[in-house]
S.K.: 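The structure is given below, and queries will be raised subsequently.
Sequence positions, counted from 1, serve as the residue numbers for this chain. Worth knowing before you read on, the calculation uses all heavy atoms, side chains too, and leaves out hydrogens, waters and symmetry mates.
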Amino acid sequence: MNLPPLHRAAALALLAALGLGGVAGCSPADSAPRTAEVRKSAPDVSPAPSGTASATSASTSTSTDIGWIQLMTPMNQQAVKLLTLAAERAAEPRVRAFADRLRTGHEAELNLLRPLLTRMGLPLTDVHAGHDMPGMVTEQDLEAAHAAEGPALDRLVLARIRDHLRQSAQVSRSEITAGGRADARELARALVAAREGFLAELERLPGAVRALG
């Protein structure tokens, strides 16, 4: 993984904390279903008012904070691309409706993640671009989704989105327990709650049993 030293150290520290040391380096894409957790609505979290401890805590950012925010942001961005496709083309109406609501929730989260990146003094660029991180919707996934039709598309979406939700919840739990910033931990809690609810709903969708095993 060709990251600047600080970014790479942050990502490795976070993945190690999650017990993912074996995949801390970006792994090649593969076709096996990757495993994923969610909630019914976007997290109701507002950025802390200017002048509060949370808003001014950039100096207390830890490697976990940095790794979490720089992983969560592109994870959401990539998931939104797949969810947009699913909301338009999934064969099952309930899958389309689910994808549309989850996309709305993820876009709302991005509206909180990006300002947090700025408050932490980090660039908005994706330091994981081109890397197959656990739970990340890859360009290969998107190509496969564009080529798939009908129930095959639904199965692909359900499998990849479950993987995304589980992994992003796991990363966010690590932020809750090991992060140094109050504002980041607060947002991570909201993200975990959202993912737990959405995951429970996803597993009840038509085609989920066949897609998820």
S.K.: Please report the interatomic distance CD1(Ile69) to OG1(Thr64), rounded to the nearest 0.5 Å.
M.R.: 13.0 Å

S.K.: Do any pairs count as a salt bridge (charged side-chain N to carboxylate O under 4.0 Å, His left out) and have a residue in residues 77-93, sequence neighbours left out, and if so which ones?
M.R.: Lys81-Glu139

S.K.: Taking Leu102 as the fixed residue, which of Leu202, Leu82, Leu165 is the one that meets the side chain to side chain contact (heavy atoms under 4.5 Å, CB included) rule?
M.R.: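 Result for side chain to side chain contact (heavy atoms under 4.5 Å, CB included) with Leu102: Leu165.
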
S.K.: For Pro115 and Leu110, work out which heavy atoms get closest and say how close.
M.R.: CD-O, 4.0 Å

S.K.: Take Met75 and Met133 through the side-chain contact (heavy atoms from CB on, under 4.5 Å) test and state the conclusion after the steps.
M.R.: CA-CA 9 Å; Met75 284 182 78; Met133 305 296 287; over 6 Å; no

S.K.: State, to 0.1 Å, how close Arg181 and Asp65 come at their nearest heavy-atom pair, and which atoms those are.
M.R.: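 Scanning both residues, the minimum pair turns out to be N-OD2, 3.2 Å.
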
S.K.: What is the minimum heavy-atom distance between Ala79 and His106, and which atoms define it?
M.R.: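 Heavy atoms of Ala79 and His106 come nearest at CB-CD2, 3.8 Å.
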
S.K.: Counting distance only, does the side-chain N/O of Asp126 pair as donor-acceptor with the main-chain N or O of Pro74 below 3.5 Å?
M.R.: no

S.K.: Just verifying a value: how many Å separate Leu71 CG and Met136 CE, rounded to the nearest 0.5 Å?
M.R.: 5.5 Å

S.K.: So, Arg160 and Asp141, do they make that salt bridge, N to O below 4.0 Å?
M.R.: yes

S.K.: Taking the side chain as everything from C-beta on, heavy atoms only, tell me whether Trp68 gets closer than 4.5 Å to Leu113.
M.R.: yes

S.K.: Which atom pair, heavy atoms only, marks the closest approach of Val95 to Ala90?
M.R.: CG1-CB, 3.7 Å

S.K.: Apply the side-chain hydrogen bond (donor to acceptor under 3.5 Å, both in side chains) test between Glu109 and each candidate in Asn76, Thr104, Thr73; give the one that qualifies.
M.R.: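 Answer to the side-chain hydrogen bond (donor to acceptor under 3.5 Å, both in side chains) test with Glu109 among Asn76, Thr104, Thr73: Asn76.
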
S.K.: Could you tell me the separation between the CG atom of Asp183 and the CD atom of Glu186, rounded to the nearest 0.5 Å?
M.R.: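 If I round to the nearest 0.5 Å, the distance is 7.5 Å.
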
S.K.: Under a 3.5 Å distance rule, please check whether Arg103 uses its side chain to pair with a backbone N or O of Leu83 as donor and acceptor.
M.R.: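 It does not hold such a pair.
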
S.K.: At what distance, to the nearest 0.5 angstrom, does OG of Ser61 lie from CG of Leu122?
M.R.: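 Output value for this atom pair is 7.0 Å.
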
S.K.: Should Leu142 and Gln78 count as side-chain neighbours, where that means a heavy-atom distance under 4.5 Å?
M.R.: yes

S.K.: Determine, stepwise, if the pair Ser168 / Leu191 fulfils side-chain contact (heavy atoms from CB on, under 4.5 Å).
M.R.: CA-CA 8 Å; Ser168 58; Leu191 266 60; over 6 Å; no

S.K.: To the nearest 0.5 Å, tell me how far Leu116 CG sits from Leu112 CG.
M.R.: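 One finds 9.0 Å between CG of Leu116 and CG of Leu112.
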
S.K.: Roughly how far, to the nearest 0.5 Å, is CG of Leu205 from CD1 of Ile161?
M.R.: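 That separation rounds to 11.5 Å.
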
S.K.: For Gln70 and Leu117: C-alpha separation, side-chain torsions, deciding distance, then whether side-chain contact (heavy atoms from CB on, under 4.5 Å) applies.
M.R.: CA-CA 8 Å; Gln70 289 190 320; Leu117 270 169; 4.2 Å; yes

S.K.: Which pair of heavy atoms, one from Ala184 and one from Glu175, lies closest together, and at what distance?
M.R.: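 Scanning both residues, the minimum pair turns out to be CB-OE2, 3.3 Å.
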
S.K.: Ignoring hydrogens, what is the shortest heavy-atom contact between Ala188 and Ser172? Give both atom names and the distance.
M.R.: CB-O, 3.6 Å

